[in-house]
Amino acid sequence: MPETGSLVDRHVGFVHALREAGVPVSLAEGLDAAQAMRVIELADRESLRAAYAATLVKKPAYRPGFDVLFDLWFPASTTGLAAARPDRDLDPRTASVSELRAYLAGLLTESGDQELREFAQDMVERFGRQQAGPGRQNWFSYSVMRALSPETLMATILRAVLQGRERGGLAEKNVRQRVETNLRRFEDAVATDVRRRIAEDSGIERIARSAVRPPLDQIDFLRVTKADLARLRKEVHPLARRLAARLTIKHRKGKRGRLDFRKTVRASLQSGGVPLTTHFKPPRPHKPELVILCDTSDSVSSFAHFTLLLTYALREQFTKVRAFGFVDTVDEITRFFQPGADVVEAMTRLVNEADMVRFGRTNYGHALERFAERYGDAIGPKTSLLILGDARSNYQPPALDVLKSLAKGCRHAYWLNPEPRQQWDTGDSVASDYGTVVPMYECRNVAQLSAFIETLA
């Protein structure tokens, strides 16, 4: 993919980079963006950004990655060709660190995007470069932030702005909010310029592949971080409501409510009082019962964290939710997820207190047998069974007959597997064997979980 050249080359490379980063861009949308470029002022970079965003970005979650890639493919400046700076009270190349910090304090107090961006570029030029060998150099954001320590400027700014006025009031709150906002903008500007310089040295495609995390709905459950889990909490509750609604619809399918006597009599007046057509009331909304059987072994620990988030959210949507965790034996873990419980703390308690491990090696067959023996009464004609795990049982007997009995005793049964489908049945995986008993779905991220929920309709 060309890194320089015509605007068409840039456009094609940018669209390709978005797709590589997990932002879905169809051929038609790429053409729409090209058409939009014909009616805007290309010299206005922010108009170009807005045109691309309007035609290519479908969800707010895609916007951060889009902005990072846009700044790489359409940078605000190029080393050696930067526009002349406006007159300043100091020369950033020779000023002392204390002078630069004082100047930055003024910018954080009151400045526009352009001023902050230009100062960030100057600071990256002065502090961000580190020689990596003859003719080689690396660029870093942390060295800029360490040199200037902008987070320590708040006290100085407050003294200067408040000038003896009472602390703790609305004025201080407004100043703090403005400074914190500008600080984040400065940090973003430094990071953006560092990425630009690395791209100039190493190539846009190389830095693009490492600069953008996948959108939240495409982050692999098996690689989710603690920070990702905090963000996923907002995604889980709408999914839980939709899942409950889909299972409720399937539960009611084919059933009618009670006879609507009044409506039936009223309709019979058109046929001389003969009730040729009977009318029924809509069935009452019903919250089905849910049983979750979750693999909590180390191999799927990140997935287990997410499924426990889902379990917590589902408790609000179902008449009864019972959750069970297992490694090579099984224990009920519903008690760890009381309303208001922190999921991370609950997971820690679960590991320390729950009886899920005998020898530490995952054994689905033994876990299913123990579940049927100890908690078989959890399964009933109103129950939806949701199994979450990778179906890797360390070459132990899978206990298919036990799973068949459980699936037969419940209303619905589904299995969500966090591994890519192409890895099923490799090594110790018995995914297809279990899939013949309980429908198994690949579920590696929120997007696939959403797709599974839609299939229930």
Note to self: Y395 vs N363, test: side chain to side chain donor-acceptor pair (under 3.5 Å). Steps then yes/no.
What the structure shows: CA-CA 8 Å; Y395 304 101; N363 188 331; over 6 Å; no
For this session: Report the C-alpha separation of L388 and L386 in whole Å, then their side-chain angles, then the decisive distance to 0.1 Å, and conclude whether the side-chain contact (heavy atoms from CB on, under 4.5 Å) test is met.
Result: CA-CA 7 Å; L388 307 156; L386 191 60; 4.2 Å; yes
Salt bridge (Lys or Arg N to Asp or Glu O under 4.0 Å) filter on R63, not counting sequence neighbours, yields D67
Do you know which two heavy atoms are closest between [X] and [Y], and how far apart they sit?
X: S141; Y: A191; value: OG-CA, 3.6 Å
X: A391; Y: N417; value: CB-ND2, 4.2 Å
X: V330; Y: A367; value: CG1-O, 3.8 Å
X: A36; Y: A51; value: CB-CB, 4.1 Å
X: T329; Y: V357; value: CG2-N, 3.7 Å
X: A33; Y: L56; value: CB-CD2, 4.0 Å

Distance, nearest 0.5 Å, that separates [atom1] of [X] from [atom2] of [Y]:
X: C443; Y: Q448; atom1: SG; atom2: CD; answer: 6.5 Å
X: F140; Y: R146; atom1: CZ; atom2: CZ; answer: 10.5 Å
X: F14; Y: L48; atom1: CZ; atom2: CG; answer: 8.5 Å
X: L69; Y: Y62; atom1: CG; atom2: OH; answer: 14.0 Å
X: T362; Y: R392; atom1: OG1; atom2: CZ; answer: 10.5 Å
X: E151; Y: F186; atom1: CD; atom2: CZ; answer: 10.5 Å

Salt-bridge present ([X], [Y]; N to O < 4.0 Å):
X: D193; Y: R196; answer: yes
X: R322; Y: E289; answer: no
X: R444; Y: E442; answer: yes
X: R370; Y: E373; answer: yes
X: D328; Y: R361; answer: no
X: R197; Y: E200; answer: no
X: R176; Y: E172; answer: yes

Please test R117 against D188 for salt bridge (Lys or Arg N to Asp or Glu O under 4.0 Å), starting from the C-alpha separation and ending with a verdict.
CA-CA 9 Å; R117 186 166 57 246; D188 290 342; over 6 Å; no
* Compute the centroid of each ring, for Y142 and then for F127, and state whether the two points are separated by less than 6.0 Å. => no
- Message: Please report whether the ring centroid of W415 lies less than 6.0 Å from that of Y441.
- Response: no
Give a yes or no answer on whether the side chain of [X] reaches the backbone of [Y] with a donor-acceptor pair at less than 3.5 Å.
X: D295; Y: G389; answer: no
X: W424; Y: E419; answer: yes
X: T296; Y: F326; answer: yes
X: S429; Y: D425; answer: yes
X: K58; Y: P24; answer: yes

| Cation over ring face, R10 and W73, 6.0 Å, 45° | no
Can you tell me if [X] and [Y] form a side-chain donor-acceptor pair at under 3.5 Å?
X: D331; Y: Y375; answer: yes
X: R19; Y: S26; answer: no
X: T152; Y: R101; answer: yes

query = Should the pair Y52 and H11 be assigned to parallel (<30°), tilted (30 to 60°) or perpendicular (>60°) ring geometry?
reply = parallel
Side chains of [X] and [Y]: does their closest heavy-atom pair fall under 4.5 Å?
X: Y414; Y: I387; value: no
X: V23; Y: V57; value: no
X: L403; Y: V438; value: yes
X: M123; Y: V190; value: no
X: V179; Y: M154; value: yes
X: M145; Y: L148; value: no
X: T426; Y: Q423; value: yes
X: L368; Y: L406; value: yes

message: Under the criterion salt bridge (Lys or Arg N to Asp or Glu O under 4.0 Å), I'd like the reasoning laid out for R49 against E46: C-alpha separation, chi angles, the key distance, then a yes or no.
response: CA-CA 5 Å; R49 185 196 299 269; E46 291 309 310; 3.1 Å; yes
Residue pairs meeting ring-ring contact (aromatic ring centres under 6.0 Å, His included), one or both in residues 206-227, sequence neighbours left out, come to F221-F303, F221-F306
Assess whether side-chain contact (heavy atoms from CB on, under 4.5 Å) is satisfied between I219 and N445, documenting all intermediate values.
-> CA-CA 6 Å; I219 294 177; N445 51 48; 5.9 Å; no
Using ring-ring contact (aromatic ring centres under 6.0 Å, His included), reason through Y364 and F371 one step at a time and then give a plain yes or no. CA-CA 10 Å; Y364 276 74; F371 176 79; over 10 Å; no
Kindly indicate, with the supporting measurements, whether the criterion side-chain contact (heavy atoms from CB on, under 4.5 Å) is fulfilled by L385 and H412. CA-CA 6 Å; L385 173 63; H412 310 296; over 6 Å; no
Quiz item: Can you check side-chain contact (heavy atoms from CB on, under 4.5 Å) on L290 and K382, steps first, answer last?
Solution: CA-CA 8 Å; L290 180 67; K382 296 182 180 180; over 6 Å; no
